[in-house]
Each structure stands twice: as structure tokens, then as C-alpha cells.
2 protein chains.
Amino acid sequence: MGRMLDLSRLRALHAVSVHGSVAGAAAALGYTPSAVSQQIAKLERETRTTLLERRGRGVALTEEARHLAETAQELLSIVERAETTLEERRGQPGGLLRVAAFASAARGLMPGALADLARRHPALDVRLTEVDPHLSVDLVARGVTDLAVAHDWDIAPLPAPEGVEQAVIGDDRCDLVVPQDHPFTRRAVIRRADLGGERWVCQPPGRVCHDWLMRTLRAAGFEPDIAHVAEENHTIVALVAAGLGVAVVPRLGTGALPPGAVAVPLEPGPVRRLYAVWRTGAARRPAITEAVRTLREHWAYAAPLPGDLPSVRGGAGAVRQ
Amino acid sequence: MGRMLDLSRLRALHAVSVHGSVAGAAAALGYTPSAVSQQIAKLERETRTTLLERRGRGVALTEEARHLAETAQELLSIVERAETTLEERRGQPGGLLRVAAFASAARGLMPGALADLARRHPALDVRLTEVDPHLSVDLVARGVTDLAVAHDWDIAPLPAPEGVEQAVIGDDRCDLVVPQDHPFTRRAVIRRADLGGERWVCQPPGRVCHDWLMRTLRAAGFEPDIAHVAEENHTIVALVAAGLGVAVVPRLGTGALPPGAVAVPLEPGPVRRLYAVWRTGAARRPAITEAVRTLREHWAYAAPLPGDLPSVRGGAGAVRQ
DNA sequence: GGCACCCGTAAGCGATGCTTCATCCATCCC
DNA sequence: GGGATGGATGAAGCATCGCTTACGGGTGCC
């Protein structure tokens, strides 16, 4: 007697309400759009209510659907709380832990940390997704992911929506990367006032590295000369190694510098602070606390400490996790 | 990705918690015990927690299971509220309406009322179960049924647990049924003081009719002479028609008197008051309000009104609904 | 000690729910 | 306007799920 509102269908409706489209909901739930569409069609049949109406190319929720999605939200948060206290009573991390991280953390920090976590807690099913940095906090708040590794920049603080908590993992610093024959390689430290007259290799506008560079150089009185633009840090470093310019590159996730490129400390350089972010409702979940603990541990072990100087010499020797 | 607490499994656990046994839960949910057992076994696997332990011949819930059953209760009540408001917004009664009634109401009142209800509201799926009168209120409170037709007796008031509401449907009165050659048939009305020296046909001890008879006769100074005992009112009336004694019989659900039996008004006779009982959470559900309205309507139409005298002459002519 | 009761497990089968493929509709762009 | 794109939905197929029946094991009662 399937005579009752079904939680998975309500979850589908809720996802549509949150993401604004069937396709978005499907992506978030790990289904095809067709599956979500069928679920909601069944929900409509069971409740004898119209929930979705086509609006242009997408769909819009009816009044009843909005109300139903709201109670679905309520139900889902109760379920999450129940799962949390259940896991808490067991003490052992377990269940599904969906983790999101921005690109360089996904490359530089997560592999070791998550492998460690999975090794120590076999009952835990960890799944990583690489996401845009400025999306991660919102993804956590909306319940798409359970834990996110986010960062702010000294010029753009991390948003803190209702219902999420955060903890600092550590600070990631940036170096100036220059070709090996560059005069800076003979200097112990570079200051902002020294940066005039260089040709720059940089990320596209809108990315934090780009914005920091423009802002800093202009504040020091220079008009930046952006000679080359690339998305990936690896590409940027390769361009520098080829002698095409200099770049500001974060230590995390950059990996070993290729022959021909050398990292030089920049004082004061841009600093981004890494955070772990999770929902307050799951704060006491052992999987969360363990994951955060492991991230901080691996940061301390693998990443350069705040006052730590990297090896100035580049090339195959200077490997970073 | 079946990675979340499932509502139907939680419902199974909750039912076990309420009924105290897997078999009882299965009966309440309309499943076999095996199904419930498997559901809970899966819930145990998913949560990696022991929920049920064998205790003697039955089962006992662990601490975690009790806690989980509690949140299940919370979830189920939210779901019921959501279903109610959903139906309320539609305005039309619909969905599943589980109705319980005691035997004579199930026979004398429900067939007409429920048929009417089903005819006027095709979206409504009404299901009737006959239950013991003193169980019905509890069944509603525990969510096993949505609406109950219950009654109290002038000597035993209806219990009113937390979270249920009730409304009066009407009063059911009792007649004295005697063989057609009995001297009482020439009397307009019988009083309690007239009842001495009769041989009685009665329900078994513990039933309300029996208790009322013993109590009333003893209060009037007679020791009742119970000559024949039967469960069913039909049987009792048949025994009376055969001249084997007299009986006190409620009007509701007795049906036509067979040839040889005659009903005589008894003043003051036992009166039972019929109630409709439902959970407060579903009070505004159209299916509930419509069903209650229909019951009262059919009572007024089909059942003898409080001051109404039945036809004293029995036989095939005196038909009651 | 036999019997009744209750819970769990195994096998089987229908129903459910997902995927893929195809269609339809609205919008965007040329 | 016409073609291309993106999104939603329907039909068919197939795996999985969850129920039922049938059986075995353990407990309490007579």
C-alpha cells in the first residue's frame, strides 16, 4: 500500500525547488533528468495536485509545490539530524560523506587526506567533487555536499550563511615564480615595490590571483603588463619556465616546479586562508569531525607552515604535495 | 544511491515500537511479519546499528532503536500534517481513509454512510475495519486508523487521550425485546421495576449489555436469571423469538426483528452515545470532516431519533437500518 | 516433552525505479 | 524565418527492491 508521501520523491521536489530546474536537481541527486521528472509526475498523481508547470524552457513550482518543498526541507533536516545522532552514538565515522574542494586543494591536499581517512575508517564512503571556490559554501548550505574545503582571500572574506559552521585548516601563501636566470633569484626576499617593469603571466580576469595582482601593482604605482593568460597553474609555471614572464602562484597544488622556473618568497604576498565548511546540523557527526581533523593534520604535515620558507631553488628537487 | 534513512523502514520500526512485536507491527501495516523483519534488518545494515534483540519469544528495541523510533514518530506526524494541508488546499476529500467501527455500527450505520461517501467523492479510498469498541480510540491515537466510530455507555465514559478529538454522532437507545405472546407487548412502556422474574437472554459477561443488565436489575432489587448467553444480537433475538426469554437489545445494528419477537420501549433504558474520533493533526482534512458530516447525516436519517418511539409491533414490518 | 507461538532466513516473483533513446517545445542566433 | 540549442517529458528495457510463501530455530506454556 504505497499510500503515503514518499521521502525520495519529496527529496526530488525539494531539489527542483532549490536548483530551479529538473536538470539541476538531477545533477545534484546523481540521477538523469528523466528520473526526476518521473518521480515528480508520480508525486503529482499520488497527491492529485499539479506541482510543476512548464515556464518557458524550464519549469516553475506551483504554490502547493512550494509549500510541499518546504515541509520536505523540514523532513530532510530531521532525517539528517537523526543520521548524525545515530552515527554519533556509534562513535565511528560512517555513511556517505560528500566533499567538495576547489581545484588546487583537490589536487594538493585532498588525495592524501582522503586516502588516509578512507584507510582509517572503512565504513566511511568519501566522495570528492571539484567545484568553483565561490560555490562551495553555498553547496554545503543547500545540502548538495556535506563538507567543503573553501578559501577566502585577504581581499574577499568567506561568506557565512545561516546554518553552516567553519574551521580554519591553514594559510596558503603565494610565491613569485621567475625564470631561473632572473635577477630575483639572487634575492632572499622580494617586496611589492620591486615588482614594477615585469611581464606577467596570469590567470584570466575574475580569478582571485588576477585581481590581487592588478590591485597590488596599481597600489604600488605600476600598471601591470599582462603578457600571457592561462587557467591552470601548471600552464602558468610552464610559461614562466620558458622565460616568458613572472607569475604569482599559490604554493598549494602547484606541484613540483619544472626545470627553468624558480620560486622566490614574496613579502607581503597574497595569503588565502583555507576553511573546512559544514552544516551546523551535522556538526557533531563523527565523519565530519574526523575529516576536519584529518585535513588539518595533513595540512600541517604536507603544506608549508605559515612562517615556513619554501626551497628557493626550483626544478625537479622542489616538490610540494 | 539508496544512501539515506528510508521513511517506510522507519515506519516499520516505529510500528514495532508501538505494538511491541514484529507480528503486531506487520498486522497493523498490512504486511507479513517477514516483510517487517526484513525491513528492519536492512535498516540495521544501513545504519550499522543493532536495533532489535530477541527477548524471550519476542523482540526488544535497543536504546538506538527507541531513539530512532521517536524521530520516526516526529517524521510521520509531519508527513501526516503535510498530507492534511495538501488535501485541505485541494478542498476535495481524497486519499486513503481508514475507518474503524464497532460491530453494530459496522452493520447498521456504516454501509449506507460509506457508500454515500464513496459515491460523492471518487478520489477517496475508504476502508472499513470492524474492531472491538474499547480499542477504537487507541487505534486512532496510534495512527493505525484515521477515523473511528466509538461509543460510550452511561456507566463507562469514552477515554480521551492526547491528540485526538471527537464529535457526537448520536444516541443509540435499547429496547426490551420479548416474545410476541409476552404480557409486556400490551404495555406502552416498561420501567425498570417491572423487570423482575424474567428469564434473560444476554451477551457474555464483560460485554456492556451484560454489565448494564446485572447492574440495573440488582439496583432494582432483583437477581438476574441469565438463561441463555450469545455473542451476536441476531442470535439473541432469535432466542427471544423462540420464546426462551427476554433481552435488552440496542436499536442500532439489530436489523429487522424475526417473526415472534417484539420490541417494547424501556424507560429509562441504557443509552450509548456514538462518537466519531480522529487525530487532531488530521482535524482539518476534508476527508475527515466530510466523513463525520456524512455519519451524522445518516444517523439522523436512518437511526431512531432520541425521543422517537419504535414500532412496538415486531416481525417483518419493523425494519431498522 | 510436546505443542504453540514468534522471529528470522531462503527462494521466487511481481512491482518499482532507473537508464537510454526519442520527441516536443521554447528560445537564441544567424 | 530557419536552424541549432537546451530543457522537459514519454516509451521501452532492465536491474533492483520488496513483498509473499515456505521452512527452520528458539522459547514459553501445559
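Chain naming here is simple, since letters A, B, ... match the order of the sequence lines and numbering starts at 1 in each.
One interatomic measurement links the two molecules: CZ of B:R45 to P of D:dC17, which rounds to 10 Å at whole-angstrom precision. In this structure, B:L10 places its CG atom 13 Å from P of D:dG18, rounding to the nearest Å. Between B:R11 atom CZ and D:dG18 atom P the separation is 13 Å, expressed in whole Å. When rounded to the nearest whole Å, the span between CZ of A:R9 and P of C:dT16 equals 9 Å. One can place CD of A:E46 at 12 Å from C1' of C:dT16, the figure rounded to the nearest angstrom. Between B:E44 atom CD and C:dC7 atom P the separation is 14 Å, expressed in whole Å. The distance from atom CD1 of B:I40 to atom C1' of C:dC6 is 14 Å, rounded to the nearest whole Å. To the nearest angstrom, P of D:dG18 lies 15 Å from CG of B:L29.
Set against C:dT19, C:dG17, D:dT21, the side chain of A:K42 has C:dG17 as its closest nucleotide.
Using modelled atom types and a 3.5 Å distance limit, the side chains of B:T294 and B:R120 yield a donor-acceptor pair. With no hydrogens or angles considered, no side-chain donor-acceptor pair links A:Q73 and A:S77 at under 3.5 Å.
When the nearest nucleotides of DNA chain C are assigned to A:R55 and A:D6 by heavy-atom distance, the more 5′-ward of the two goes with A:D6.
Taking the side chain to side chain donor-acceptor pair (under 3.5 Å) definition, one finds that B:Q92 meets it with nothing, sequence neighbours left out. For B:E130, the salt bridge (Lys or Arg N to Asp or Glu O under 4.0 Å) criterion is met by no residue, not counting sequence neighbours. A:R57 pairs by the salt bridge (Lys or Arg N to Asp or Glu O under 4.0 Å) definition with nothing, not counting sequence neighbours.
The neighbour count for A:R66 CZ, taken as heavy atoms of other residues, nucleotides or ligands under 6.0 Å away, is above 12.
B:L43 pairs in a side-chain contact (heavy atoms from CB on, under 4.5 Å) with only one of the listed residues (B:L52, B:T49, B:L51, B:D6), which is B:L51.
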Nucleic acid footprint by protein, nucleotides 3-16 of chain D - heavy-atom cut-off 4.0 Å, B for base, S for sugar-phosphate alone: --BBSSBBB-----

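Between A:T32 and C:dC18 there is no side-chain N or O to OP1 or OP2 distance below 4.0 Å.
Rounded to 10°, the helix from C:dG1-D:dC30 to C:dC30-D:dG1 has 30° between the axis fitted to its first five pairs and the one fitted to its last five.
Between A:E46 and A:R9, at least one side-chain nitrogen of the basic residue sits less than 4.0 Å from a carboxylate oxygen of the acidic one, meeting the salt-bridge criterion.
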Taking only distance into account, with no hydrogens and no angle test, what donor-acceptor pairs under 3.5 Å do side-chain atoms of residues 228-235 of chain B form with protein atoms, sequence neighbours excluded?
residue	atom	partner	partner atom	Å
B:E231	OE1	B:R207	NH1	2.2
B:E231	OE2	B:R207	NH1	3.4

